[in-house]
Amino acid sequence: MRAPLSIVIPTLNAASELGPTLTCLVEGVEAGLVRDLVISDGGSSDDTMALAEEWGATCVTGPAGRGGQLARGVEAAQGRWILALHADTHLSEGWSATIWQSLDADTAYYGRLNFRAGGLGGKWVAGWANFRSRAFGLPYGDQSLLISKALYLSVGGYMTIPLMEDVALAQALKGRLKPLDLNVYTSAARYQKDGWVKRGWRNLTILIRYLRGAKPRDLAKLYR
């Protein structure tokens, strides 16, 4: 039987982060889980694409915007299952065994968020994110998403929008999205640059405005 999982990573000038993320994926290849790696790039001007090619990835390109990039990446994926992963998010050791045990075609899954730096600020923000995901069913993309391609297609997939594509898909998956016993470790760079409280409050404000009907293209300006 062919390996079931395609890993899809959207990128934009991600060369400095992508290498360690891909290194974490090797155990899935060795376990016979990973069928292919798809890098969906939004027009990088650094060495992102060269690095992706060195790793043997299938590379697709198109306009920048995470929703569209993810949609193109999933379309190019060969596996029956998709793991959508951000370029700066690392999977914890043992992730492949956890995923092997979780391939239920009627359910999608997300990981448990951690930051690779940040001390108490990082723990607080990650704790809120994990609570939000469990209580309201709204995980973000940096928590990863494991979903069968059949379920993905049945709910309409990723929307081609510049922001909140992860929340839109989570809303479409209501009742079929569950936490996975898997730690993911993502970059704290944006929070360290802007401040944990300021960035956390901005993200919460953007989420609330989106849920109230604000347009993603307007919210994307606030996010950056």
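If you check the side chains of Gln78 and Ser6, you find no donor sitting under 3.5 Å from an acceptor. Side chains of Arg112 and Asn130: a donor-acceptor N/O pair is absent below 3.5 angstrom, by distance only. Using modelled atom types and a 3.5 Å distance limit, the side chains of Thr98 and Asp181 yield no donor-acceptor pair.
Considering only heavy atoms from C-beta on, Pro162 stays 4.5 Å or farther from Arg66 through its side chain. Proximity of Lys123 to Trp196: side-chain heavy atoms (C-beta onward) are nowhere separated by under 4.5 Å. Under the 4.5 Å side-chain criterion, counting only non-hydrogen atoms from C-beta, Leu146 is in contact with Leu5. Inter-residue side-chain proximity for Leu113 and Trp128 is flagged as unmet; no heavy-atom pair is nearer than 4.5 Å. Counting only heavy atoms from C-beta outward, the side chains of Leu70 and Ser40 never approach each other to under 4.5 Å. Tyr109 is not listed as a side-chain neighbour of Leu145, based on a closest heavy-atom distance of 4.5 Å or more. The shortest distance between side-chain heavy atoms of Trp55 and Val26 falls below 4.5 Å. Taking the side chain as every heavy atom from C-beta outward, Leu103 and Pro4 approach each other to under 4.5 Å.
Placement of Ile208 and Trp201 within a single hydrophobic cluster is found when ILVMFWY residues are connected by side-chain heavy-atom separations under 4.5 Å, directly or transitively. In terms of hydrophobic clustering, with Ile, Leu, Val, Met, Phe, Trp and Tyr side chains grouped at heavy-atom distances under 4.5 Å, Tyr110 and Leu211 are assigned to different clusters. Residues Val34 and Leu51 share a hydrophobic cluster, clusters being chains of Ile/Leu/Val/Met/Phe/Trp/Tyr side chains in contact below 4.5 Å. Tracing side-chain contacts under 4.5 Å through hydrophobic residues (I, L, V, M, F, W, Y), one never reaches Leu153 starting from Leu83; they form parts of separate clusters. Phe131 and Leu177 sit in two unconnected hydrophobic clusters of ILVMFWY residues. Membership requires side-chain heavy atoms under 4.5 Å apart, directly or through other members.
Side-chain atoms of Ser148 never come within 3.5 Å of backbone atoms of Trp81 as a donor-acceptor pair (strictly under, hydrogens ignored). With hydrogens and angles disregarded, a donor-acceptor distance shorter than 3.5 Å links the side chain of Trp95 to the backbone of Cys24. At least one donor-acceptor pair closer than 3.5 Å links the side chain of Glu27 to the backbone N or O of Gly94. No donor-acceptor distance shorter than 3.5 angstrom exists from the side chain of Arg2 to the backbone of Gly79, with no hydrogens or angles considered.
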| message | Set out, in order, the CA-CA distance, both residues' side-chain angles and the distance that settles side chain to side chain contact (heavy atoms under 4.5 Å, CB included) for Val184 and Leu91, then state yes or no. | response | CA-CA 5 Å; Val184 299; Leu91 300 178; 3.7 Å; yes
| said: Would Phe115 and Tyr191 count as a side chain to side chain contact (heavy atoms under 4.5 Å, CB included) here? Give the steps. | reply: CA-CA 10 Å; Phe115 288 97; Tyr191 288 92; 3.6 Å; yes
| request: Evaluate the criterion side chain to side chain contact (heavy atoms under 4.5 Å, CB included) for residue pair Ile9 and Leu37; output intermediate values, then yes/no. | output: CA-CA 8 Å; Ile9 302 178; Leu37 167 67; 4.0 Å; yes
| request: Begin with the C-alpha distance, continue with both residues' side-chain angles, and end with the deciding distance and a verdict on side chain to side chain contact (heavy atoms under 4.5 Å, CB included) for Leu180 and Ile99. | output: CA-CA 8 Å; Leu180 192 63; Ile99 286 182; 4.2 Å; yes
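Residues passing the side chain to side chain contact (heavy atoms under 4.5 Å, CB included) test with Thr48, sequence neighbours excluded: Thr11, Ala14, Ala15, Leu18, Asp41, Ser44, Asp46. Shown here are the salt bridge (Lys or Arg N to Asp or Glu O under 4.0 Å) partners of Arg116, two or more places apart in sequence or in another chain: Glu17.
Contact record, Leu85 with Thr21: CD2-CG2, 3.9 Å, taken as the closest heavy-atom pair. Considering every non-hydrogen atom in both Pro139 and Ala170, the closest pair reads CD-CB, 4.0 Å. Across every non-hydrogen atom of Met49 and Cys59, the tightest pair is CE-CB, 3.4 Å. Shortest non-hydrogen contact noted between Asp166 and Gly141 is OD2-N, 2.7 Å. When all heavy atoms are compared, the tightest approach of Asn183 to Asn114 is OD1-ND2, 3.2 Å. Minimum heavy-atom separation, Leu219 to Arg209: CD2-CB, 3.9 Å.
At a threshold of 4.0 Å, the pair Arg202-Asp194 counts as salt-bridged, since one of the basic side-chain nitrogens sits closer than that to a carboxylate oxygen.
Taken to the nearest 0.5 Å, the CZ atom of Arg80 stands 14.0 Å off from the CG atom of Leu151. To the nearest 0.5 Å, the span separating CG on Leu25 from CD on Glu30 amounts to 11.5 Å.
In this structure, Asp47 places its CG atom where only 12 or fewer heavy-atom neighbours from other residues, nucleotides or ligands lie under 6.0 Å away.
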